[in-house]
Amino acid sequence: MALYSEKVMDHFRNPRNVGVIENADGVGEVGNAKCGDIMKIYLKIENDIIVDVKFETFGCGSAIASSSMATEMIKGKPLSQALELTNKAVAEALDGLPAHKLHCSVLAEEAIKNAILDYYKRNNLPYDPALEEACAHCDEE
């Protein structure tokens with residue numbers, strides 16, 4: 001059996017939504033000191049809908065594929081749905097990741113949640129305090 005699925009390889013070789021959104025409405029950055037992966041997610045939001053999303057990822061193929069897939073999964077969605085995205089859903093959408101690479105899908109989930117939290121804070125919008133608690137450890141890994 002191959003180490004990586006065809007979907008992982010496709011999103012690694014042909015990542016979707018790569019780049020920067022100038023004047024983004026929300027930006028989330030996370031990193032994992034153990035593996036060296038760093039992800040930055042940029043959101044453009046209109047009427048609580050993610051109308052555009054871009055990412056910059058420095059890391060392994062699984063990190064790039066996870067970023068690419070996660071952005072595809074939230075683009076065009078309401079913030080409430082994007083907040084429900086889990087690392088498990090990202091890994092499943094990629095037809096799985098090797099166990100030692102599952103942290104890449106965790107980083108993608110955390111970067112998105114950090115970007116949404118940034119949006120709420122920038123605009124003084126109310127949000128569930130659990131979101132801030134969930135994001136508190138994101139930069140510490």
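The first residue in the sequence is number 1, and the count goes up from there. Computed from a prediction, not measured in an experiment: that's the story for all the values here.
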[X] versus [Y]: any side-chain heavy-atom pair under 4.5 Å?
{"X": "Glu29", "Y": "Met39", "value": "no"}
{"X": "Leu117", "Y": "Lys121", "value": "yes"}
{"X": "Ile116", "Y": "Leu43", "value": "yes"}
{"X": "Lys7", "Y": "Asp95", "value": "yes"}
{"X": "Pro98", "Y": "Leu3", "value": "yes"}
{"X": "Asp52", "Y": "Lys75", "value": "yes"}
{"X": "Ser66", "Y": "Leu107", "value": "no"}
{"X": "Phe55", "Y": "Pro15", "value": "yes"}

With sequence neighbours excluded, what pairs up with [X] under the side-chain contact (heavy atoms from CB on, under 4.5 Å) test?
{"X": "Asn123", "answer": "Tyr119, Leu125"}
{"X": "Lys77", "answer": "Gln81"}
{"X": "Ala70", "answer": "Leu85, Val90, Ala108, Ile112"}
{"X": "Asn87", "answer": "Ser105, Val106, Glu109"}

* **Which atom of Asn23 lies closest to which atom of Lys44, heavy atoms considered** =>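 Looks like O-NZ, 3.2 Å.
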With a 4.5 Å cut-off on side-chain heavy-atom distances among I, L, V, M, F, W and Y, is there a chain of contacts connecting [X] to [Y]?
{"X": "Ile74", "Y": "Val20", "answer": "no"}
{"X": "Met73", "Y": "Leu97", "answer": "yes"}
{"X": "Leu102", "Y": "Val8", "answer": "yes"}
{"X": "Ile21", "Y": "Val18", "answer": "no"}

Taking only residues two or more places apart in sequence, or in another chain, which ones meet [X] in a side-chain hydrogen bond (donor to acceptor under 3.5 Å, both in side chains)?
{"X": "Thr71", "value": "Asn17"}
{"X": "Tyr120", "value": "none"}
{"X": "Asn14", "value": "Asp10"}
{"X": "Arg122", "value": "Asp118"}

* Please identify each residue that fulfils salt bridge (charged side-chain N to carboxylate O under 4.0 Å, His left out) with Lys101, with sequence neighbours left out. =>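 Per chain and number, Lys101 pairs via salt bridge (charged side-chain N to carboxylate O under 4.0 Å, His left out) with no residue.
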* To do: Begin with the C-alpha distance, continue with both residues' side-chain angles, and end with the deciding distance and a verdict on side chain to side chain contact (heavy atoms under 4.5 Å, CB included) for Asn114 and Ile41.
  => CA-CA 9 Å; Asn114 268 339; Ile41 300 277; over 6 Å; no
* Asked: Name the one of His11, Lys54, Met69 that satisfies side-chain contact (heavy atoms from CB on, under 4.5 Å) with Arg16?
  ->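 Exactly one option meets the side-chain contact (heavy atoms from CB on, under 4.5 Å) with Arg16, and it is His11.
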* Asked: By the rule that ILVMFWY residues connect when side-chain heavy atoms come within less than 4.5 angstrom, directly or transitively, which residues belong alongside Val51?
  ->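 Members besides Val51, by chain and number: Ile49.
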What side-chain donor-acceptor pairs closer than 3.5 Å can you find for residues 56-64, not counting sequence neighbours?
residue, atom, partner, partner atom, Å
Glu56, OE1, Tyr42, OH, 2.6
Thr57, OG1, Ser67, OG, 2.7

* Test Val30 against Ile38 for side chain to side chain contact (heavy atoms under 4.5 Å, CB included), laying out the working first. => CA-CA 6 Å; Val30 295; Ile38 299 169; over 6 Å; no
